[in-house]
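For reference, the structure discussed in these notes is given below.
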Protein chains: 2
Amino acid sequence: MTDSKTILNQWADEGEVEPEASYAVDHALSSTLMRGLEILALFNDSVDRLSNAEIARQLGLNRATVSRLCKTLIHMGYLRRDPKGQFLLAPRILALSYPVLSATRWRHQLVGPMREIAEMSSGNCTLAVISGDQFVQVYSVGNPTSFPHVPEPGITGPLHRSASGRALLSLLEGQDLYDMLANLRHNFPDEFEEHSSLTADAITRCRTEGFCASYGDWRPNIVALGTPLGKTSDGLYVALACGLPRFSAREDYVENDLGPRMAKAADSIRMTGLFESPFFLK
Amino acid sequence: MTDSKTILNQWADEGEVEPEASYAVDHALSSTLMRGLEILALFNDSVDRLSNAEIARQLGLNRATVSRLCKTLIHMGYLRRDPKGQFLLAPRILALSYPVLSATRWRHQLVGPMREIAEMSSGNCTLAVISGDQFVQVYSVGNPTSFPHVPEPGITGPLHRSASGRALLSLLEGQDLYDMLANLRHNFPDEFEEHSSLTADAITRCRTEGFCASYGDWRPNIVALGTPLGKTSDGLYVALACGLPRFSAREDYVENDLGPRMAKAADSIRMTGLFESPFFLK
DNA sequence: ACAAACGTTACGATATTTGAAATATATAGG
DNA sequence: CCTATATATTTCAAATATCGTAACGTTTGT
């Protein structure tokens, strides 16, 4: 424990990441565009429709401003209105994602192995990549009904607090990892501290044993295993994870059976040459 | 043929749709936001990376402007740069889609029937909804490798020139259909004329026989069958389609075997009560 | 029926965005 | 290797697009 703390501190202890930026309004950025995108990002799993006033409240904007921005978003086809006048995301928003999906054709080759993992864990298996300081789920197989959330492409989550995320972090090397951790610490000061030793352990474990486990660190009722895959030719870091309901996950089984098997699956996926091997395996 | 022309003309012949708008800069819309979104929309199946200059050229913007907008998009996490400095969509863009996908939970109940259709046609089966004047594919099953494109959520296509689109059009009633057709004619004058009789026939056929066929009207080498499903509780029009390579699609088989079977499949899907039945079946 | 909350439009002030020009960096060609 | 061309970013002042106030019309709820 002290050991792992030390490792993490070594990596990302002192020093401000961005001396002053990030909260101050950066005059090199376009605030109108940001606000428009922030409106789109307000929608999520549980909030699928929003009123003008609600948007204004949440973003601290004037109602008139929101009205105009939403009108623009509707004009562009990314928003629609329900009969009551509330705003909804329009399906056309999927079109923005299409190029990302079609650029990850390699994904299809992982369907087989992922199915196997999902079956052997009686849970689901997901594929995630790093985007910014989050992981983004790109694909998933398995039974969705047994989960509190809907595992679909586009779910995002914290890199330092989930099995997927930690497996992804383990792929970062030297300065890259340092920067990312510093960034995470900066953005989630409390949370980061709370999970720092678990995160450090998980990273180390991914590198030595090929997998890591999270017992509800992110979604309370889900036990997850993560395993790093590598980096694609266009620079995406990729990891696999599998998740199962907490009640059906005996620790002994997870650590000594499922974990090693996932590591093995990852090994054989890497054999295909789809990814640049992690630095710690070279 | 003259018959079908008449039908269509009846629906949407004379009259300008929007007296003057649509090309003139609408001062009620936010141009900065539009430009930012237009940048994201430049990416597609074949164009996965763009330079600043290329973006500026395509959108007719100053390079400095593009630089700032892209910086903003990167800051928001929706764009990234490759080693050469070119811009790429970041996976985080998938996160915008997630609420749309998770809102269409009913989709999971169609997986079974869709698999069957894909198998019996030795092609693929796709689920599409209307968004604006396009259809958007929401889900697909089947073998992707035999196709020239990658069938993934997010593909968009023309409502008047594809089996999916025509099946969706058949669901629109009265004024709604009239408006949509007028809109399509306005946006694609030549194309619309060229396909008008086929479109009219297809709509009629969907309503009477439950399906329509397109022999390469959209993707030249693909024969597609479309069948209307209905309207979801939150107002989305939904249709199924199946596509197969042209060479393996004998017309007799398509018309007299596959088509009726798709119509039958659609019927039994409608029995589940997931959708509000089409007006022409009430 | 009234009050309160909401959504949209108009309009003037102003803050944000824009494009030109300059700088810096990269790429290609001779 | 150097020059020439293309590209990306920054600065800055001008301009204009955006914002918020206020007013209006609607809806909702008491």
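First the proteins, then the strands, lettered A, B, ... as listed; each starts at 1. Computation of the quantities below employed the complete heavy-atom set of this structure, encompassing side-chain atoms and omitting hydrogens, waters and symmetry-equivalent molecules.
Residues that satisfy the ring pair (Phe, Tyr, Trp, His ring centres under 6.0 Å) test with F188(B), not counting sequence neighbours, are H160(B). With sequence neighbours left out, the ring pair (Phe, Tyr, Trp, His ring centres under 6.0 Å) criterion links F275(B) to W106(B). In this structure, the side chain to side chain donor-acceptor pair (under 3.5 Å) partners of S46(A), at least two apart in sequence or on a different chain, are N44(A).
Taking NE2 from H186(B) and CG from L184(B), the interatomic distance works out to 11.5 Å, rounded to the nearest 0.5 Å. Taken to the nearest 0.5 Å, the CD atom of Q109(B) stands 6.5 Å off from the OG1 atom of T272(B). To the nearest 0.5 Å, atom CG of residue L40(A) and atom CG of residue L42(A) are 8.5 Å apart.
Minimum interatomic distance between G230(B) and L171(B) (heavy atoms only, all atoms of both residues): O-CD1, 3.7 Å.
Straight-line distance from the CG atom of L69(B) to the C1' atom of dT18(C): 10 Å, rounded to whole Å. One interatomic measurement links the two molecules: CG of D82(B) to P of dA26(C), which rounds to 14 Å at whole-angstrom precision. The distance between atom CZ of R35(B) and atom C1' of dG19(C), rounded to the nearest whole Å, is 11 Å. Rounded to whole Å, atom C1' of dC6(C) lies 6 Å from atom CZ of R63(A). With rounding to whole Å, L33(B) atom CG is found 16 Å from dT16(C) atom P. For R81(B) and dT7(D), the CZ to P distance is 14 Å, given to the nearest whole Å. Residue M34(A) contributes atom CE, which lies 10 Å from atom P of dT17(C) at whole-angstrom precision. Put simply, CG on L79(A) is 13 Å from P on dG7(C), counting in whole angstrom units.
Using a 4.0 Å cut-off between charged side-chain N and carboxylate O, D133(B) and R92(A) make no salt bridge. Between D45(B) and R105(A) there is a salt bridge, since a side-chain N of the basic residue sits under 4.0 Å from a carboxylate O of the acidic one.
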Could I get a table of every N or O pair under 3.5 Å where one atom is in the protein and the other is in nucleotides 10-13 of chain D?
| unit_1 | atom_1 | unit_2 | atom_2 | d |
| --- | --- | --- | --- | --- |
| dT10(D) | OP2 | K71(B) | NZ | 2.8 |

Strictly under 4.0 angstrom, non-hydrogen atoms only: write out the protein contact profile of nucleotides 25-30 of chain D, one letter per nucleotide from the 5' end, B, S or -. ------
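OP1 or OP2 of dT18(D) lies within a sub-4.0 Å distance of a side-chain N or O belonging to S30(B). Within the 4.0 Å cut-off from OP1 or OP2 of dA15(C), not a single side-chain nitrogen or oxygen of S31(A) is found.
Counted by atom type alone, T104(B) and R107(B) present one or more donor-acceptor pairs between their side chains at under 3.5 Å.
Of the residues in residues 47-57 of chain A, those placing a heavy atom less than 4.0 Å from an atom of DNA chain C are S51(A), N52(A), A53(A), R57(A), in numerical order.
A donor-acceptor pair is defined here as one N or O able to donate and one able to accept, closer than 3.5 Å; no such pair exists between the side chain of S67(B) and the backbone of A64(B).
Nearer the 5' end of DNA chain C, as judged by each residue's closest nucleotide, is the contact made by G85(A), out of G85(A) and N62(B).
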